[in-house]
There are 2 protein chains.
Amino acid sequence: MDKKQEYEAMREKKISSKEVFKGQVLDVFDDEIELPDGRHSHREVIRHCQAAAILAFNNKGEVLLEDQFRYPYDSILTEIPAGKADPNEDPLTTARRELEEETGYQAKQMEELGLFYPSVGYTDEVIHLFVASDLVKTHQHLDEGEYLSYYFLPLKEVLKKAENGEINDGKTLAALLHYVLLKKNN
Amino acid sequence: MDKKQEYEAMREKKISSKEVFKGQVLDVFDDEIELPDGRHSHREVIRHCQAAAILAFNNKGEVLLEDQFRYPYDSILTEIPAGKADPNEDPLTTARRELEEETGYQAKQMEELGLFYPSVGYTDEVIHLFVASDLVKTHQHLDEGEYLSYYFLPLKEVLKKAENGEINDGKTLAALLHYVLLKKNN
């Protein structure tokens, strides 16, 4: 079976879609679908906009990290800078904007590393992962109600934190994997 | 400032919580909170149970992967086996159960690699990542309406797929990072 046949054989087809919750951040849909065997079922999906996350390095090769209180976990988590795209914004623009808003750094160099799908069962969210360097300090301008502290840490220590379970944030782990694989082959 | 003081200074305190959507898979809550500066705000949170994901190796050092149609992305995604915990189930039991249900393999060796937080802004979901080996074939028993194909691939090719953007699933990328870091240090 080729890829197209496999896709058709496994495909769940949308029959109808109903918005069942519309919040300030989350929109939840309950879609009626047709399974490959013809039976009908339902899928609950959070439709979310795209986002960008940035693994940024200073000239000493240290990684820019943020500590931020994350309400769902009732704790301060360590992450790379990230944020949601504005409507119709391309991912590179989102990445540049969020990096500067959250940390007050512009990056002269920025390249896409890959994509990160946070939770493939129930959201269509895509986070575009970037690596940035050649940083220039400008001004931080956080959203209202946003509090975070940022700092630089050597890559080796960041990887140690990932390994030790001090960094569990998904987009941060995914960006680190991409960077480690990239460096291994260059 | 020590960790405890930092936590108190950044903490968002829950004032009240209201369930605004209860679906078959998703429960959405709208919580009223108090920000560190005393103002009130809201946080939308998906309260989700825990889950487990398994990076399983056969005796040739090949990785067990699944191709599964993922409705939110309207495409077939490549992932490691994973699934949600039953009520009060410990993560290791979830991992053993899901591995066998989805692929028909029991693992004689299974160790926790770390945790994966899919989307720290709006869900409290935690996926426990495991590495498994010493596989014994038994019987696959998929949930109703669940279709997937599984196969083994050399680790090198799996990492290549991650690097090339053929694997974007977050839990899979996080498990691979943990494994790569573990092997580097051993």
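Labels below follow one simple rule: chain letters A, B, ... track the order of the sequence lines, proteins then strands, and each chain is numbered from 1.
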Who among A:Arg11, A:Lys14, A:Arg47, A:Lys13 has the most heavy-atom pairs with chain B under 4.5 Å?
A:Arg11

Looking only at B:Tyr71, B:Phe116, B:Tyr147, most heavy-atom pairs under 4.5 Å shared with chain A are made by B:Tyr71

Any sub-3.5 Å donor-acceptor pair from A:Glu44's side-chain atoms to B:Gln24's backbone N or O?
yes

Could you tell me which portion of A:Leu77 (side chain, backbone, both or neither) has an atom closer than 4.5 angstrom to a non-hydrogen atom of chain B?
side chain

Tell me, side chain or backbone of A:Lys160 under 4.5 Å from chain B's heavy atoms, or both, or neither?
side chain

pair B:Val120-A:Lys171: side-chain heavy atoms closer than 4.5 Å
yes

Would A:Val126 end up clustered with A:Phe29 when hydrophobic side chains under 4.5 Å apart are linked, directly or stepwise?
no

Please check if the number of heavy atoms outside B:Lys137 that lie under 6.0 Å from its NZ is greater than 12.
yes

Do you know the tightest heavy-atom contact between B:His178 and A:Glu163?
CE1-O, 3.9 Å

In terms of relative ring orientation, are B:Tyr73 and A:Tyr117 parallel, tilted or perpendicular, with 30° and 60° separating the classes?
parallel

Determine the option with the most heavy-atom pairs under 4.5 angstrom with chain A, choosing from B:Asn168, B:Leu176, B:Asn164.
B:Asn168

What residue, out of B:Leu115, B:Val180, B:Leu148, B:Val45, has the most heavy-atom pairs lying under 4.5 Å from chain A?
B:Leu115

Could you give the distance from CZ (B:Phe21) to CD (A:Glu19), rounded to the nearest 0.5 Å?
11.0 Å

Do B:Leu55 and B:Leu135 land in one hydrophobic cluster if side-chain heavy atoms of ILVMFWY residues count as linked below 4.5 Å?
no

Are A:Tyr105 and A:Leu92 in one and the same hydrophobic cluster, where Ile, Leu, Val, Met, Phe, Trp and Tyr link if side-chain heavy atoms are under 4.5 Å apart?
yes

Comparing A:Gly165, A:Ser149, A:Ala162 against chain B, the one with the most heavy-atom pairs below 4.5 Å turns out to be A:Ala162

Apply the side-chain contact (heavy atoms from CB on, under 4.5 Å) test between B:Val28 and each candidate in A:Leu26, A:Val20, A:Ile46; give the one that qualifies.
A:Leu26

Selection from A:Ala51, A:Gly121, A:Ala82 maximising heavy-atom pairs under 4.5 Å formed with chain B:
A:Gly121

Decide side chain to side chain contact (heavy atoms under 4.5 Å, CB included) for B:Lys184 and A:Leu159; before the verdict, give the C-alpha distance in whole Å, the side-chain angles of both, and the deciding distance to 0.1 Å.
CA-CA 11 Å; B:Lys184 216 171 110 185; A:Leu159 293 173; 4.2 Å; yes

Is there side-chain contact between A:Pro72 and B:Thr123, with heavy atoms separated by less than 4.5 Å?
no

Applying a criterion of heavy atom separation less than 4.5 Å, what residues of residues 31-39 of chain B form contacts with chain A?
B:Asp31, B:Ile33, B:Leu35, B:Pro36, B:Asp37, B:Arg39

Would you say that more than 12 heavy atoms from the other residues, nucleotides or ligands in this model lie under 6.0 Å from the NE2 of B:His141, or not?
yes

Out of curiosity, does A:Leu181 fall in the hydrophobic cluster containing A:Leu155 (side-chain heavy atoms, cut-off under 4.5 Å, transitive links)?
yes

Spatial distance of atom CD (A:Glu8) from atom CD1 (B:Ile76) [nearest 0.5 Å]:
9.0 Å

Structural part of A:Asp74 lying under 4.5 Å from a heavy atom of chain B
both

Does one hydrophobic cluster hold both A:Phe152 and A:Val131, with members joined at side-chain heavy-atom distances below 4.5 Å?
no

B:Asp67 and A:Met10 have their tightest heavy-atom pair at O-CE, 3.3 Å

Select one option (side chain, backbone, both, neither) describing which atoms of B:Thr172 are under 4.5 Å from chain A's heavy atoms.
neither

With heavy-atom distances below 4.5 Å as the criterion, would you say the side chains of A:His42 and B:Val25 are in contact?
no

Side chains of A:Tyr122 and B:Arg70: does their closest heavy-atom pair fall under 4.5 Å?
no

Give, as side chain, backbone, both or neither, the part of B:Glu79 having an atom under 4.5 angstrom from any heavy atom of chain A.
side chain

